[in-house]
Every structure is written in structure tokens, then in C-alpha cells.
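From a predicted model like this one, the values you see are computed outputs, not experimental measurements.
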There are 2 protein chains.
Amino acid sequence: MTQPNTRKDSIDKSEQIFQGAIGEFLEKGYAGTSMDKVAAAAGVSKATVYSYFQDKEGLFKALVARMARERFYLVFGTESLQGEPEVVLRRLATKLLDRIARDREYLAFMRLVVGESGRFPDLAQELIRNIVHPGIKELSGYFASHPELKIADSEAVARIVIGGLVYFVLTQEVLQGKEIMPMERDRLIDSLVALLIG
Amino acid sequence: MTQPNTRKDSIDKSEQIFQGAIGEFLEKGYAGTSMDKVAAAAGVSKATVYSYFQDKEGLFKALVARMARERFYLVFGTESLQGEPEVVLRRLATKLLDRIARDREYLAFMRLVVGESGRFPDLAQELIRNIVHPGIKELSGYFASHPELKIADSEAVARIVIGGLVYFVLTQEVLQGKEIMPMERDRLIDSLVALLIG
DNA sequence: GTCTATAGTCGGATAGAC
DNA sequence: GTCTATCCGACTATAGAC
């Protein structure tokens, strides 16, 4: 009986710890999270946590790297950018604004990575390398393949477009400004389209 | 001799504590900062800190509110937006990109406020109310007073422009992506100008 | 009004039983 | 391989001396 014997055991234990740790780190941040709470949330003892991960920092780094890869990839990558510019732009913007803005875990992940980026520069750069840069490159490539848009510097414009969308999520949702300075999602999208096409 | 008697005492003690606390909170975050270190950095005892501020949370909130008002106001407010659109835009963009990108304290402040925005929503909203919203309104008003720019929704476009600039600082400096995905500041500015004017 | 000293709690990490 | 029990340092906050 050294092999898995119940449904719960059949999930890898490190996965179980991982699942428990996500909620704690996302809610409390790195320094605010205790290994006691992580162990309790994962349903294992603290010693078990330390048998799978070297220390708190190791757990945190492994966790964020994995979240970045598996959970928070989604905006690009689920579909490729193809078709009419206006359609592609509206679909991209709508997806980014809607999906992220309503995903509390994604918002908490943004807070966590930005907040810890000074103390964990490796993690921030991993995010740049695996999510931000590929996203910019994909949109930039799309712009470059559509000369009718008359965009001189496609990468710079891609950064502006994504920046406009991310800043909207940042101010409205992350910093919770939507009641103080409300704006309809569609006004932003219409203006983005007008700047690029109209 | 109940009045100030040395140069050091002539500075208000709460100001002294404030100055010591800034560095600690900016570097370590809220949970990572200890009141022992704050007291040491301020050059007073811990009991003195607690006589001026109710507790750690009270000190933190007072501190961030004050930093937002006094230190990190600068981008707008130092000059009003007047003159030719291209000149105004380039000056605004250059100032925001140069000044903030090189100001390590400002970058740390951005990390802190974003990172704690989930646990301290009041502070995040104070920042929205006192810095973000006024900035957007000012640029929006400028656009509205220049119909030759043919901007249908001046506030939405203001958000896109500022978003493009803030996102640049966020990716290059805050998340430290400038070596991974470098881009000249002027390429972004030229493309912004081209989108709005060219 | 400001200090030193300390109470009381909780943190990360580990030893040893099973 | 996982648990319980524990070490010990650091934390927030305060009491009491001066």
C-alpha cells in the first residue's frame, strides 16, 4: 500500500499544498502569509509543507511561477488574432476587460506580483517574459501584417493599446476606483477603435 | 524649557517618526515592516511611536495619505496644460516617463499602493480621488478644448493616453522588464502623438 | 513626554515518534 | 511520508521609571 489508496491521496500532495497556499498568498501577500495557515488551508501539517518545499520563499516562488503559467495566461493564447482589425480589436478588448475585471483571483494576482516586484524581481521578470512580452509581440505582429492601419511603429502602438486596457482594469478594479470615476467599458473600446481605425 | 531647545527637537516629533517610517514601509511593505525598525529608523523609542499613532495600521494609513498628497502629486499640477497639442503632449509624456521612471521612491510607492489595495481599499480610493481622477480630468479638459483633435470622447482618450504612459512605466520599471523587452521612451511618445495628431 | 523593559503572541523551521 | 510537539527569535503593544 505505498501507492495511492483514496481519491484524495491520488492528487499529488504538493498539488494539495499548492492549492491551499494559493488562497493565502493571494489574500495576505507574501509577508502576511504564515506557514501555519498554509498548512491548515492545505489540510496537512507544517512539517509536510516543509518536506515538499525548502522554505517559505521557495514555496512562494514555485507558486507564483506556476500560477503565471497555468492560471493567468488566458488573455492571449486562447485564440489567435485573425480577421478584420475592428473585429479583432473589439474582441481582444472585450475579453481582456470583461474576463480579468470579473476574475477576483486575477486581480489579486496582479496586486501580489506588482506589490512584491521590488522584493522578488525574478518573479516580476518571469511574468514579463512569459505573459507581457508575448502578448505585446502578438498584437504587434498583427498590426504589422495590416499595413492599411498605417501604423509606423507597431510595437509601440501595441503597448499603448494594451496599456490603455490594463490601466482601465488597474484603476477601476485593482484600485477600486469604479465608483469614484465610473466609465462604461464600451466607451474605452470605441475610443480605442476610433484612434486606430476611425 | 517645555519648548524646542535643539534643532532636532524643533522638527515636530510626528514628522520625525513619519520620515523614519517612509523608508521602512516603502521597502518592506505593510506586513513586512516592524514597529521596532520604524522606531529605530526614526531615532525614537517604540513607546514614542505609539504615543503619536494609535497603532501600526493608523501610522500606515496616515503615512500613505500624506505621501500621496505631498510627495507623489507632481506629474500634473506643477504646470497647467496649455499650448499646441503636440508640444503639450510631448511635454506631459516626457515628464511622466522621465521623472517617475527615475524616481525610485515613486516606483516603490506604486508597488506599495497596488500591493496593499486589496487590504486597504480606502487608501487606494484616496489615491484615485486625489491623483488619478484629477489627472484624467485635466487632460480630458484639455482635449475637450481642442476640437481640432477630433476626439469624440475626451475622457476615454485621456485614459488611453495616460494608460499607455503608466503601462510603460509599469512594465519597464516597476516590473523591471526594460532589459527583457527594451524600448526607447521616444518611440512610445512619437506613436502617441501620431495616434492623436498625425 | 520619552525612555527601558517586558508581557504575551505568533512567526519559521525542525526533531523525533510512528 | 506524515504527524505532533517544540524550539526560539521576532512581533505588536504596554506598564512603569524618570
Side-chain angles (χ1 to χ4, degrees), chain A residues 1-64 112 115-116 119-120 123, chain B residues 1-64 112 115-116 119-120 123:
Chain A
M1 285 276 270
T2 55
Q3 281 307 89
N5 48 7
T6 75
R7 223 169 272 127
K8 205 169 186 183
D9 285 353
S10 73
I11 301 173
D12 199 69
K13 208 113 205 177
S14 67
E15 180 62 27
Q16 193 178 332
I17 295 167
F18 173 70
Q19 291 300 334
I22 287 180
E24 296 297 315
F25 280 116
L26 284 183
E27 189 188 340
K28 306 277 192 176
Y30 176 74
T33 292
S34 77
M35 295 297 262
D36 279 293
K37 298 270 183 60
V38 168
V44 300
S45 76
K46 206 156 49 154
T48 302
V49 175
Y50 278 97
S51 77
Y52 281 85
F53 298 92
Q54 199 189 6
D55 54 16
K56 188 182 177 183
E57 190 170 319
L59 170 60
F60 180 66
K61 286 184 176 178
L63 208 71
V64 174
L112 183 66
E116 303 296 344
R119 289 172 296 271
F120 294 94
L123 284 183
Chain B
M1 282 279 269
T2 55
Q3 280 308 84
N5 48 8
T6 72
R7 222 168 275 126
K8 206 170 186 182
D9 285 351
S10 73
I11 302 173
D12 199 68
K13 209 111 200 181
S14 67
E15 180 62 27
Q16 193 179 332
I17 295 167
F18 173 70
Q19 290 301 332
I22 288 179
E24 297 297 316
F25 280 116
L26 285 182
E27 189 188 340
K28 306 278 192 175
Y30 177 74
T33 292
S34 77
M35 296 296 261
D36 279 295
K37 299 270 183 61
V38 167
V44 300
S45 76
K46 207 163 35 160
T48 301
V49 175
Y50 277 96
S51 77
Y52 281 85
F53 298 92
Q54 200 189 7
D55 55 16
K56 186 182 178 183
E57 191 171 318
L59 170 60
F60 180 67
K61 286 184 176 176
L63 207 71
V64 173
L112 183 66
E116 303 296 346
R119 289 170 298 270
F120 294 94
L123 284 182

Please check: side-chain N/O of B/Glu24 versus main-chain N/O of B/Ala41, any donor-acceptor pairing under 3.5 Å? no

Closer than 3.5 angstrom, by distance alone: can the side chain of B/Lys56 be matched with the main-chain N or O of B/Tyr30 as a donor-acceptor pair? yes

For atom CD of A/Glu15, decide whether the heavy atoms of other residues, nucleotides or ligands shown that lie under 6.0 angstrom number more than 12. yes

For the atom pair OG1 (A/Thr48) and NZ (A/Lys46), what is the distance rounded to the nearest 0.5 Å? 12.0 Å

Plane angle bin for A/Phe25 and A/Phe60 - parallel if under 30°, tilted between 30 and 60°, otherwise perpendicular: tilted

Pairing residues for A/Ser34 by the side chain to side chain donor-acceptor pair (under 3.5 Å) criterion, not counting sequence neighbours: none

Counted 5' to 3', the first and last nucleotides of DNA chain C within 4.0 Å (strictly under) of a heavy-atom of chain B are C/dT2 to C/dT4

Once you apply a heavy-atom cut-off of 4.0 Å, does A/Tyr52 come out as touching a base, just sugar-phosphate, or nothing? sugar-phosphate

Nearest-0.5 Å distance that lies between atom CE in B/Met35 and atom CG in B/Asp55: 7.0 Å

How would nucleotides 9-15 of chain D be written as a contact map, 5' to 3', with B for base contact, S for sugar-phosphate-only contact and - for no contact, using protein heavy atoms under 4.0 Å? --SBBBB

CG of A/Leu112 to CG of A/Leu123, rounded to nearest 0.5 Å, is 8.5 Å

